[in-house]
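Being a predicted model, the structure only gives us computed values, none of them experimental.
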Amino acid sequence: MRLSVFIANTVSTQLVIDLQKIYANYLPEASLTEQALAQLVTQTTSRLYMTMFNERHIGAVKVQINATQATLSQLTIRDLTRRRGVGKNLLKQLEKSLTTEGITDIEYNLEEVAEVELLATQAFLSDSGYQLNNHIATKKL
């Protein structure tokens, strides 16, 4: 089965379970409750792009849009599925979707990334065409 990327806008039991697994080592425990994750999915100020494989959500990234700029945050892929192209596919599909909406710039503040993940995240973003300047990764679409 292929990877699919979509905007999560409905909360289901499976989505909550999968988000708890995806964000287990990324978000504080208080942000992993059913209520907190439901709020993350249904926020009107941002979108939660998800990637799915075999009916399981395996990656996510939060996107806020302001005019022609998108700001990414909370980008993570479930530990078990890393280094298999899932993150690159998520970014590629996200960028394609944003381009059709007239978004021209993407930014990701790497200060939110844990120190142990920083070098790998920087390498991943660099390989995905992002320019790194201090703790900010940017890309022109």
Side-chain angles (χ1 to χ4, degrees), residues 1-12 14-141:
M1 178 171 249
R2 286 185 36 187
L3 287 170
S4 62
V5 175
F6 62 95
I7 298 171
N9 52 18
T10 350
V11 180
S12 68
Q14 189 62 54
L15 177 63
V16 169
I17 291 168
D18 292 345
L19 283 171
Q20 287 171 332
K21 292 176 183 176
I22 291 167
Y23 284 124
N25 296 318
Y26 194 90
L27 296 176
E29 209 165 304
S31 297
L32 297 174
T33 66
E34 186 174 344
Q35 296 79 15
L37 293 171
Q39 184 179 359
L40 176 65
V41 171
T42 59
Q43 285 182 34
T44 57
T45 58
S46 65
R47 305 172 187 167
L48 188 65
Y49 280 80
M50 302 288 308
T51 189
M52 191 173 217
F53 182 74
N54 286 343
E55 299 182 27
R56 292 295 183 262
H57 308 87
I58 57 173
V61 62
K62 183 176 168 182
V63 180
Q64 291 183 294
I65 296 175
N66 184 9
T68 60
Q69 181 175 336
T71 303
L72 307 183
S73 62
Q74 300 176 355
L75 169 64
T76 191
I77 304 300
R78 191 159 171 219
D79 288 345
L80 296 173
T81 55
R82 287 187 180 169
R83 304 190 61 79
R84 297 180 186 180
V86 174
K88 284 192 181 201
N89 184 67
L90 175 58
L91 280 182
K92 181 180 173 185
Q93 296 302 318
L94 163 83
E95 292 165 2
K96 185 177 177 181
S97 173
L98 293 174
T99 300
T100 64
E101 295 179 46
I103 303 301
T104 58
D105 298 286
I106 298 180
E107 178 178 292
Y108 186 22
N109 187 340
L110 296 171
E111 289 181 356
E112 76 173 33
V113 177
E115 190 66 34
V116 297
E117 297 280 341
L118 186 57
L119 289 177
T121 302
Q122 287 173 327
F124 165 73
L125 290 171
S126 182
D127 287 347
S128 299
Y130 286 73
Q131 302 300 313
L132 302 173
N133 187 5
N134 293 321
H135 276 79
I136 305 293
T138 59
K139 185 173 185 178
K140 293 263 187 212
L141 298 179

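- Interatomic distance, Lys21 NZ to Thr76 OG1, rounded to the nearest 0.5 Å: 14.5 Å.
- Counting only residues at least two apart or in different chains, salt bridge (Lys or Arg N to Asp or Glu O under 4.0 Å) contacts with residues 89-98 comprise Glu95-Lys139.
- Checked against side-chain contact (heavy atoms from CB on, under 4.5 Å), Thr71 has the following partners two or more places apart in sequence or in another chain: Gln69.
- Thr99 meets the side-chain contact (heavy atoms from CB on, under 4.5 Å) test with Leu141; sequence neighbours excluded.
- Looking at Leu72 and Leu91, their side chains come closer than 4.5 Å, going by heavy atoms from C-beta outward.
- Checking side-chain atoms of Glu112 against main-chain N and O of Gln74 turns up a donor-acceptor pair under 3.5 Å.
- In this structure Asn109 satisfies the side-chain hydrogen bond (donor to acceptor under 3.5 Å, both in side chains) test with no other residue, sequence neighbours excluded.
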Determine, stepwise, if the pair Leu98 / Ile65 fulfils side-chain contact (heavy atoms from CB on, under 4.5 Å). CA-CA 9 Å; Leu98 293 174; Ile65 296 175; 3.8 Å; yes
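- Between Val11 and Leu37, the closest side-chain pair of non-hydrogen atoms is not below 4.5 Å.
- The distance from atom NE2 of His57 to atom OG of Ser4, rounded to the nearest 0.5 Å, is 8.0 Å.
- Taking the side chain as every heavy atom from C-beta outward, Leu90 and Leu75 approach each other to under 4.5 Å.
- At least one side-chain heavy atom of Thr45 sits under 4.5 Å from a side-chain heavy atom of Gln64.
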Could you go through Lys88 and Asp127, starting from their C-alpha distance and side-chain angles, then the distance that decides it, and tell me whether this counts as side-chain contact (heavy atoms from CB on, under 4.5 Å)? CA-CA 9 Å; Lys88 284 192 181 201; Asp127 287 347; 3.4 Å; yes
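- The shortest non-hydrogen separation linking Gly59 to Ile77 is CA-CD1, 3.7 Å.
- Shown here are the side-chain contact (heavy atoms from CB on, under 4.5 Å) partners of Leu118, two or more places apart in sequence or in another chain: Leu110, Val113, Glu115, Gln122, His135.
- Applying the salt bridge (Lys or Arg N to Asp or Glu O under 4.0 Å) test to every pair with at least one member in residues 58-82, sequence neighbours left out, gives these pairs: Asp79-Arg82, Arg82-Glu117.
- Listed by first and then second residue, the ring-ring contact (aromatic ring centres under 6.0 Å, His included) pairs involving residues 24-50 are Tyr23-Tyr26 (not counting sequence neighbours).
- Between the OG1 atom of Thr10 and the CG atom of Leu15 there is a distance of 8.0 Å, given to the nearest 0.5 Å.
- Between the CZ atom in Phe6 and the CG atom in Leu94 there is a gap of 13.5 Å [rounded to 0.5 Å].
- Taking Gln39 as the reference, nothing meets the side-chain hydrogen bond (donor to acceptor under 3.5 Å, both in side chains) condition, with sequence neighbours excluded.
- Shown here are the salt bridge (Lys or Arg N to Asp or Glu O under 4.0 Å) partners of Glu29, two or more places apart in sequence or in another chain: there are none.
- Distance alone, capped at 3.5 Å, places no donor-acceptor pair between the Thr68 side chain and the Ile103 backbone.
- Taking Ser126 as the reference, Leu132 meet the side-chain contact (heavy atoms from CB on, under 4.5 Å) condition, with sequence neighbours excluded.
- Side-chain atoms of Thr121 and Leu125, non-hydrogen and from C-beta on, do get closer than 4.5 Å to each other.
- Every residue meeting the side-chain hydrogen bond (donor to acceptor under 3.5 Å, both in side chains) condition with Ser46, not counting sequence neighbours, appears here in chain and number order: Gln43.
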Leu48 vs Leu19, side-chain contact (heavy atoms from CB on, under 4.5 Å): CA-CA, chis, key distance, verdict: CA-CA 11 Å; Leu48 188 65; Leu19 283 171; 4.1 Å; yes
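- Among all heavy-atom pairs drawn from Ala30 and Ala36, the shortest one is O-CB, 3.7 Å.
- Taking the side-chain hydrogen bond (donor to acceptor under 3.5 Å, both in side chains) definition, one finds that Glu101 meets it with Arg47, sequence neighbours left out.
- Distance CD/Glu34 to CD/Gln20: 8.0 Å, rounded to 0.5 Å.
- Here the straight-line distance linking atom CD1 of Ile58 with atom CG of Asp18 works out to 9.5 Å at 0.5 Å rounding.
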